[in-house]
Amino acid sequence: MTGQQAEPLPEGWRPAALNQGWTYRDITGSDDQGTLISVLMAQRYGHSCEDVWLRRIAAGELRLNGKLLLKDQPLPDQAELLWCRPPWIEPAFPDIWSVVHDDGDLLVINKPSGLPVMPGGGFLQHTLSTLLDQRSRQLGEPLVAKPVHRLGRFTSGLQVCARQPATRAALSRAFKPSSGTRKLYQAWSQRVAGLEFGRPLAVNTDVVERPHPLLGWVWGPLPPADGLIRRRLKAHSELTLLERCPQGDRLQVAITTGRPHQIRIHLAQLGFPLLGDPLYLNDQRISDVATPGDGGYRLHAWRLQLDDLHVSCEPPSTF
């Protein structure tokens with residue numbers, strides 16, 4: 001009896017691959033003295049909470065000043081921490097993307113859904129930043145284009161990068177809420193009650209950090225009155241109805257703030273999450289078993305108005 005065959009990957013996707021592991025080096029100083037190692041690592045590597053770091057310490061993955069760390073402890077005055085991450089499988093990912101604009105410094109690409117922009121969430125090599133580095137080496141470019149902002153893994157569309165550090169710094173300022181940069185997305189959501197053609201709807205509720213059993217904390221919509229909140233950020237979105245179908249609404253969403261998962265959170269706040277969103281649910285609930293990097297929703301960075309640069313790319317045919 002033969003084993004079950006894996007489903008074929010979509011065209012343009014690279015298969016999952018074993019990453020041989022990685023060593024992360026961190027140097028601490030007097031300001032960190034007395035801080036528990038699990039607390040410090042959770043602060044510096046926000047992808048993992050303190051409980052996860054405690055499990056890594058117990059598994060023998062950390063060294064303190066060259067010696068195996070046997071248990072969590074306060075940091076001494078000066079210390080070198082090594083996290084020896086064991087091998088893991090990096091999931092399959094799409095590695096085909098197109099150039100929308102390239103002037104030799106500023107690079108805007110059409111990122112496919114499923115491609116992470118930066119390392120995190122189990123991805124280290126299977127990322128856009130790695131692909132950009134490989135592309136620059138192949139072309140013999142002296143400077144590598146690096147992302148200025150970060151689209152979600154399963155958000156497709158306009159991703160802005162730049163080669164010069166000064167350009168990246170200027171663009172980072174241009175993406176701040178006070179800059180006036182206008183970003184337009186397309187999204188498929190559950191039918192938004194009260195939204196009609198030609199009558200945009202503004203959403204101004206805060207994006208807040210809420211408890212999550214897997215991650216410790218996660219950005220989400222405002223919880224019920226008794227819900228715990230750690231931090232909050234002001235956010236503004238404007239919804240315009242583009243198409244209405246039995247399965248839901250296709251929306252244009254304009255944002256001038258770029259908060260974490262803002263569009264997904266604002267639609268969940270209204271009570272009409274993105275179709276297929278595994279994390280942000282009805283009634284402002286957040287799934288206990290999903291994370292922000294899980295896919296299933298359809299969200300596309302469609303148009304960007306940034307100073308004199310106006311660029312756009314249409315959603316994929318599967319959108």
Q. Have Gln164 and Asp105 got a donor and an acceptor in their side chains that come within less than 3.5 Å?
A. no

Q. Is there a donor-acceptor contact under 3.5 Å linking the side chains of Arg163 and Ser136?
A. no

With heavy-atom distances below 4.5 Å as the criterion, would you say the side chains of [X] and [Y] are in contact?
X	Y	answer
Gln190	Leu275	yes
Trp53	Asp72	no
Leu40	Leu81	yes
Arg135	Glu141	yes
Asp206	Leu233	no
Pro15	Leu9	yes
Ile27	Glu80	yes
Leu128	Ile109	yes

Quick one: list whatever passes side chain to side chain contact (heavy atoms under 4.5 Å, CB included) with [X], sequence neighbours left out.
X	answer
Asp31	none
Pro76	Leu64, Asn65, Ala79
Asp294	Pro278, Ala290, Thr291

[X] side, atom [atom1]; [Y] side, atom [atom2] - distance, nearest 0.5 Å:
X	Y	atom1	atom2	result
Ile37	Leu62	CD1	CG	7.0 Å
Ser48	Leu54	OG	CG	11.5 Å
Arg191	Gln247	CZ	CD	11.5 Å
Thr240	Leu242	OG1	CG	7.0 Å
Leu222	Thr205	CG	OG1	5.5 Å
Leu299	Trp188	CG	CH2	13.5 Å

Q) If you draw a 6.0 Å radius around CZ in Arg137, do more than 12 non-hydrogen atoms from other residues or ligands fall strictly inside? A) no

Q: Step through the shown structure and confirm whether more than 12 heavy atoms of other residues, nucleotides or ligands are within 6.0 Å of CD on Glu11.
A: no

Please list all pairs meeting side-chain hydrogen bond (donor to acceptor under 3.5 Å, both in side chains) that have one or both residues in [range], counting only residues at least two apart or in different chains.
range	result
residues 250-263	Gln186-Arg250, Ser237-Gln262, Glu243-Arg250, Thr257-Gln262
residues 215-227	none
residues 110-124	none

Q.
Pair Ile286, Leu279 - check side chain to side chain contact (heavy atoms under 4.5 Å, CB included), show working.
A. CA-CA 6 Å; Ile286 294 178; Leu279 178 63; 3.5 Å; yes

Ignoring hydrogens, what is the shortest heavy-atom contact between [X] and [Y]? Give both atom names and the distance.
X	Y	value
Arg264	Pro292	NH1-O, 3.1 Å
Ile89	Ala16	CG2-CB, 3.8 Å
Ile229	Pro223	CD1-CD, 3.8 Å
Leu115	Phe93	CD1-CD1, 3.5 Å
Gly271	Gln284	N-NE2, 4.1 Å
Gln20	Leu18	NE2-CD2, 3.5 Å

Let me have the donor-acceptor pairs involving side chains of residues 309-317, under 3.5 Å, with sequence neighbours excluded, atom names and distances please.
unit_1 : atom_1 : unit_2 : atom_2 : d
Glu314 : OE2    : Trp302 : NE1    : 3.2

(Q) Applying salt bridge (charged side-chain N to carboxylate O under 4.0 Å, His left out), can you list everything that pairs with Asp26, at least two apart in sequence or on another chain? (A) Arg44

Give a yes or no on whether [X] and [Y] share a hydrophobic cluster (residues Ile, Leu, Val, Met, Phe, Trp, Tyr; joining criterion: side-chain heavy atoms under 4.5 Å apart).
X	Y	value
Leu195	Phe272	yes
Leu132	Phe123	no
Leu75	Leu36	no
Phe175	Val117	no
Tyr45	Leu82	no

Q.
Checking Leu270 against Leu201 for the side chain to side chain contact (heavy atoms under 4.5 Å, CB included) test, could you report, in this order, the C-alpha distance in whole Å, the side-chain angles of both residues, the deciding distance, and whether it holds?
A. CA-CA 11 Å; Leu270 291 176; Leu201 174 65; 4.1 Å; yes

Q: Begin with the C-alpha distance, continue with both residues' side-chain angles, and end with the deciding distance and a verdict on side chain to side chain contact (heavy atoms under 4.5 Å, CB included) for Asp277 and Leu267.
A: CA-CA 11 Å; Asp277 196 324; Leu267 285 163; over 6 Å; no

Q. Any donor-acceptor pair under 3.5 Å linking the side chain of Asp249 with the backbone of Val192?
A. yes

Q: Return yes if some donor-acceptor pair links the side-chain N/O of Thr130 with the main-chain N/O of His126 below 3.5 Å, else return no.
A: no

Q: With sequence neighbours excluded, tell me which residues meet ring-ring contact (aromatic ring centres under 6.0 Å, His included) with Tyr185.
A: none

Q. Can you name the residues that form a ring-ring contact (aromatic ring centres under 6.0 Å, His included) with His212, not counting sequence neighbours?
A. none

Q: Measure up the Trp83 and Tyr24 rings against each other and bin them: parallel (under 30°), tilted (30 to 60°), perpendicular (over 60°).
A: parallel

**Q.** From CA spacing to verdict: side chain to side chain contact (heavy atoms under 4.5 Å, CB included), Leu131, Arg14
**A.** CA-CA 12 Å; Leu131 293 179; Arg14 290 193 199 178; 3.5 Å; yes

(Q) I need the full list of ring pair (Phe, Tyr, Trp, His ring centres under 6.0 Å) pairs touching residues 225-259, with sequence neighbours left out, sorted by first then second residue. (A) none

Throw together a table of side-chain donor-acceptor distances under 3.5 angstrom for residues 151-161, partners on residues two or more places apart or in other chains.
unit_1 : atom_1 : unit_2 : atom_2 : d
Arg153 : NE     : Gly114 : O      : 3.1
Ser156 : OG     : His300 : ND1    : 2.7
Gln159 : OE1    : Leu151 : N      : 3.2
Gln159 : NE2    : His149 : O      : 2.7

Q | Qualifying residue, where the test is side chain to side chain contact (heavy atoms under 4.5 Å, CB included) with Pro221 and the options are Gln269, His266, Arg285 | A | Gln269

